[in-house]
2 protein chains.
Amino acid sequence: MEVTRQNFKDSLCPIYSAIEEADFLAIDGEFSGISDGPSVSALTNGMDTPGERYVKLRKHSMDFLLFQFGLCTFRYDQSQSKYLMKAFNFYIFPKPFSRNSPDIKFICQSSSIDFLASQGFDFNKVFRSGIPYLNQEEESQLREQYEERRSQVNGAGTPSYISPNSCKGPVNVPDEHKDFIGRVVEKVDALLNSSEKSVELEPCSGFQRKLIYQTLNWKYPKGIHVETVETEKKERFIQISKVDEEERRRMEQQKYEREQEEMNDAVGFSRVIHAVSKSGKLVVGHNMLLDVMHTIHQFYCSLPEELDDFKEVTMCAFGHEADGIHSAFQGKSHRLKSVFSMENRPGDHDLLEALEGVNMDSYCVCAHACVQELITNTSLAELEKQLKEKPFKAPRVECSEGFQSYDTASERLHEAGYDAYITGLCFISMANYLGSFLTPPRSHISARSKLLEPFYNKLFLMRVIDIPYLNISGPDLQPKRDHVLYVTFPKEWKTSDLYQLFSAFGNIQVSWIDDTSAFVSLSQLEQVQIAVNTSQYAESYRIQTYAEYLQAKQKNTNI
Amino acid sequence: MEVTRQNFKDSLCPIYSAIEEADFLAIDGEFSGISDGPSVSALTNGMDTPGERYVKLRKHSMDFLLFQFGLCTFRYDQSQSKYLMKAFNFYIFPKPFSRNSPDIKFICQSSSIDFLASQGFDFNKVFRSGIPYLNQEEESQLREQYEERRSQVNGAGTPSYISPNSCKGPVNVPDEHKDFIGRVVEKVDALLNSSEKSVELEPCSGFQRKLIYQTLNWKYPKGIHVETVETEKKERFIQISKVDEEERRRMEQQKYEREQEEMNDAVGFSRVIHAVSKSGKLVVGHNMLLDVMHTIHQFYCSLPEELDDFKEVTMCAFGHEADGIHSAFQGKSHRLKSVFSMENRPGDHDLLEALEGVNMDSYCVCAHACVQELITNTSLAELEKQLKEKPFKAPRVECSEGFQSYDTASERLHEAGYDAYITGLCFISMANYLGSFLTPPRSHISARSKLLEPFYNKLFLMRVIDIPYLNISGPDLQPKRDHVLYVTFPKEWKTSDLYQLFSAFGNIQVSWIDDTSAFVSLSQLEQVQIAVNTSQYAESYRIQTYAEYLQAKQKNTNI
Ligand SMILES: Nc1nc2c(ncn2[C@@H]2O[C@H](COP(=O)(O)OP(=O)(O)O)[C@@H](O)[C@H]2O)c(=O)[nH]1
Ligand SMILES: Nc1nc2c(ncn2[C@@H]2O[C@H](COP(=O)(O)OP(=O)(O)O)[C@@H](O)[C@H]2O)c(=O)[nH]1
């Protein structure tokens with residue numbers, strides 16, 4: 001179901017109940033870009049620590065806009081042994097909802113925009129019909145603004161700042177406005193003495209409106225209702241109506257309700273995210289770290305500087321349920337697949353052992369570790385195809401009644417709603433496959449199964465060589481990096497120069513940092529010292545061990 | 001005529017000849033935003049000096065994208081006493097044209113995007129079909145890259161950097177690639193001894209391709225042609241063909257031409273701007289400063305830091321013709337209108353006097369000066385309507401054959417091509433109106449008329465109270481600002497607080513700088529000292545004269 005500004009309000013009820021009834025949720029986001037500085041491969045260096053990766057993504061990815069959000073809900077129907085799904089594809093855009101609301105600036109990266117364009121992405125729908133949103137701080141600011149305006153209108157104005165010449169009692173009207181305000185008072189007197197029901201004043205400045213409110217509140221505490229009306233041309237004028245006390249209260253109440261509605265409209269899409277958060281349901285995604293970061297950044301709060309604080313915020317927003325059911329699945333779901341599809345690979349043994357039930361933690365780690373080299377190019381599309389084939393089974397999933405079904409044959413990849421749907425399918429296949437290792441085997445594994453718990457709160461770390469995931473609910477893995485060298489060189493060097501430099505040392509793995517430095521992983525530990533020693537006489541380049549690199553970096557941060 | 005990536009190449013000829021035959025050109029641009037920091041009114045402070053305004057716009061406006069460019073050419077047909085126009089509406093987008101080309105990031109401002117969306121702007125056309133472009137630096141870099149690749153392929157590779165182990169003569173193939181290269185050589189030998197015409201190698205890495213080129217160039221200086229081909233999946237493989245010397249040269253020539261074409265495609269829309277520049281024609285625009293800055297920034301070079309250097313670059317790009325015919329009309333063309341439509345205003349006298357021919361400079365200045373207060377809200381749409389009515393005459397303009405005409409009744413405002421067209425119409429009306437003051441009156445004034453020269457190379461300074469225009473070809477006006485105060489205060493203050501503070505001083509004019517400072521212009525000079533004196537005992541705010549403000553600012557820059 002496509003959700004835009006036009007049908008958002010009507011869709012909220014169905015969305016809420018879809019979330020409520022679901023066994024798990026799959027999400028996906030489309031962004032206006034990935035990196036505003038380093039190239040994507042420098043942003044996702046193979047030797048990043050989780051903390052380094054977080055800091056880089058926060059710095060270089062958060063000014064892009066998450067402008068399409070896919071949410072797919074999956075409910076298992078026991079009686080029919082199948083899942084029923086509902087897919088929502090939201091268009092998101094921070095349309096300023098009034099003159100005073102934040103005017104968001106976001107970056108677009110040409111290559112990303114070009115890529116989405118080539119997939120038929122509908123930018124017009126984003127910009128013309130995107131649903132607005134506010135983060136929590138903006139939301140409370142807005143609520144305060146409304147409160148302040150209400151209290152001003154009600155005469156209870158207590159300005160929070162020291163304004164010159166401000167005082168209680170009769171309004172201090174500057175000389176040049178005295179005539180103007182005098183004429184307004186005359187008009188109100190005339191209204192009260194006539195049979196007319198209301199009178200409209202000329203458009204005037206905000207300052208003059210404030211003077212009018214203050215004067216009339218003070219002069220006519222009862223009997224009239226004063227309200228600012230906006231014309232189509234966005235000019236604002238004041239309307240004054242004669243009312244008895246009951247009518248006055250009714251009008252105030254109506255106005256209050258209108259304001260509440262305006263505020264809800266402004267909070268917009270964030271309400272969906274709040275509902276996901278409150279539901280405590282399991283949320284799965286594909287390469288999910290950026291999605292989670294953007295979601296928190298746009299709909300909750302600016303991201304904290306440090307990884308540990310981010311973990312806390314994320315647990316708070318998406319992991320606050322005591323039972324721990326709700327949590328983020330480990331992002332790159334196809335890791336699981338890769339594990340299970342390679343039956344004769346080294347490492348499978350550990351995996352199967354782990355699956356027998358003793359140590360779920362090591363099961364998770366080795367599931368990640370033993371398939372490292374298969375991951376880099378597996379796209380969501382290929383993944384989906386492979387997960388229909390042996391040893392997996394295509395999951396039984398049907399579209400809920402009244403919802404538009406996605407046809408996996410006519411791919412709509414890179415539409416967030418479709419990607420979320422495929423991600424959910426993959427998750428089901430992989431979860432069920434886990435069940436085949438049980439005695440007796442089970443063909444359906446629920447999203448709440450103990451078997452899946454080790455994967456909770458783990459976010460896949462794309463392209464990191466030796467740390468498979470970010471652990472949101474605890475400390476991260478700290479692999480040894482004894483065989484890694486930190487190499488600096490002139491900016492004219494290319495990968496081939498590094499290969500030539502290390503040609504005596506057999507296979508190497510290069511992870512570029514920027515255009516004058518890279519990590520080089522050697523295959524044999526004993527060559528590390530040889531390499532470092534040789535480099536002492538070199539003029540154009542320099543080699544340090546990873547430990548030395550860390551030390552130098554630590555020093556720089558402390559200074 | 002709508003011009004996109006798809007029809008750009010076919011449109012170039014008609015575009016070039018439209019420019020060539022034109023008497024003058026009108027341009028207009030649409031941008032993805034205006035300010036990435038200060039609000040628009042802080043960006044265009046009423047007390048900005050031309051230098052301050054330039055520095056602010058450069059800092060806060062240049063990361064937006066000019067994504068639609070309107071060019072309208074006007075040719076006067078003497079025999080029929082009417083203009084013939086051709087309108088081009090270009091969609092612009094920096095689509096990366098290869099893996100190595102710059103991946104431009106640009107900012108979008110929600111309010112601007114929302115505004116364009118509400119006008120029916122077609123973002124899909126920009127992002128899916130926008131014409132790419134390069135500035136001059138990028139263009140020469142690209143040409144160098146092509147040159148370098150050519151020289152490498154031709155075996156004349158002289159790497160410009162110190163590569164370790166690099167040497168002339170037989171290629172130094174790293175051990176792990178020796179087998180691979182050996183097999184390639186075998187394949188070539190087999191090809192040469194067979195009746196086959198060519199052989200395709202497996203896809204391989206860039207480094208391996210380099211080794212292949214070097215090896216084969218060295219081993220087979222004649223008899224084969226080696227070329228990298230890209231598959232649809234963007235995989236690159238090498239194709240080797242048996243050729244005699246003549247065939248080889250022909251293939252090289254074809255390849256060279258293909259590359260030239262690729263390069264021209266990459267330079268893209270910048271070619272149109274180069275043609276405008278070379279033509280030396282008069283270019284008119286509406287609020288043109290930002291258009292000119294963006295045009296230079298995207299299609300020529302990054303903008304210089306200082307205004308004087310910007311003037312030089314602008315004269316160089318658009319004012320290099322010795323005869324001075326070519327130049328930028330003074331931007332806000334409706335200033336002219338405003339002057340002439342107020343027949344009984346003070347100042348008109350000077351104007352009419354000036355029109356009689358003595359001092360064109362003062363004519364220009366007073367034309368600007370005497371209508372200061374009428375400008376702020378005049379939109380292009382209103383302007384166009386007024387310029388059809390007395391004392392103006394609707395110009396006789398027809399659409400050239402084969403070009404889609406714009407109907408001014410069914411407005412398409414905020415489409416750049418249409419806006420350029422309207423701007424041209426306004427220019428013609430105003431220029432012709434000038435003719436009515438001559439003795440004998442003339443109904444047609446050419447774009448090259450002496451009457452218009454004073455307006456050449458002047459760019460309107462939007463919202464500056466006392467400096468009407470930026471003078472591109474000389475020093476700027478320096479008005480006295482003796483009646484201006486620089487006021488600083490707590491950030492909670494509002495305009496109303498300033499009015500209250502100065503309520504004893506009669507009419508004031510407030511120009512916000514940021515949320516804790518503003519310029520306040522008093523109407524009476526003798527009140528300046530009183531205000532400054534009073535403020536000495538104030539704690540929450542501070543008042544300085546404009547001269548003191550300038551001094552302090554100067555000091556800060558010097559430190
Ligand atoms: N000097 C130099 N820097 C490079 C080279 N390749 C990559 N880099 C640096 O590493 C970053 C990532 O480059 P990219 O080509 O995307 O890396 P890849 O995906 O690993 O090939 C670039 O922005 C450069 O800073 C190279 O050949 N020479
Ligand atoms: N503290 C404060 N700053 C203001 C106020 N009005 C404008 N500003 C500052 O001036 C900038 C321009 O404001 P804007 O409302 O666009 O100005 P206007 O068009 O002159 O009303 C804002 O970004 C603020 O920094 C105000 O009432 N109080």
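Note on naming: letters A, B, ... go to the chains in the order of the sequence lines (proteins, then strands), and numbering restarts at 1 for each one. Side chains included, hydrogens not; waters and symmetry mates left out as well; all remaining heavy atoms used. Values in this document were obtained by computation on a predicted structure and should not be read as measured data.
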Review point. Which one, B/Ser32, B/Ser101, B/Pro94, leads in non-hydrogen pairs under 4.5 Å with chain A?
Key: B/Pro94
Check your understanding: Among residues 104-112 of chain A, which residues come closer than 4.5 Å to chain B, judged by heavy atom distances?
Key -> A/Ile104, A/Lys105, A/Phe106, A/Ile107, A/Cys108, A/Gln109, A/Ser110, A/Ser111
Review point. Does any pair with a residue in residues 108-135 of chain B pass salt bridge (charged side-chain N to carboxylate O under 4.0 Å, His left out), and if so which ones, sequence neighbours excluded?
Key: A/Lys95-B/Asp114, B/Glu2-B/Lys125
Check your understanding: Are side-chain heavy atoms of A/Arg236 and A/Pro203 found at a separation under 4.5 Å?
Key -> no
Exercise for review: Keeping the roles fixed (side chain from A/Arg5, backbone from A/Gly130), state whether a donor-acceptor pair exists under 3.5 Å.
Suggested key: yes
Point to revise | Euclidean distance, B/Glu30 CD relative to B/Leu66 CG, rounded to 0.5 Å | key: 8.5 Å
**Study point:** Toward chain A, the part of B/Phe93 with a non-hydrogen atom under 4.5 Å
**Key:** side chain
Review point. Is the backbone of B/Phe123 close enough, under 3.5 Å, to the side chain of A/Asn124 for a donor and an acceptor to pair up by distance?
Key: yes
**Study point:** B/Lys59 atom NZ, neighbour heavy-atom count above 12 within 6.0 Å
**Key:** no
Review point. Chain A heavy atoms under 4.5 Å from B/Ser129: which part of the residue, side chain, backbone, both or neither?
Key: neither
Practice item. Could you tell me how the ring of A/Trp493 sits relative to the ring of A/Phe489: parallel (under 30°), tilted (30 to 60°) or perpendicular (over 60°)? Key: parallel
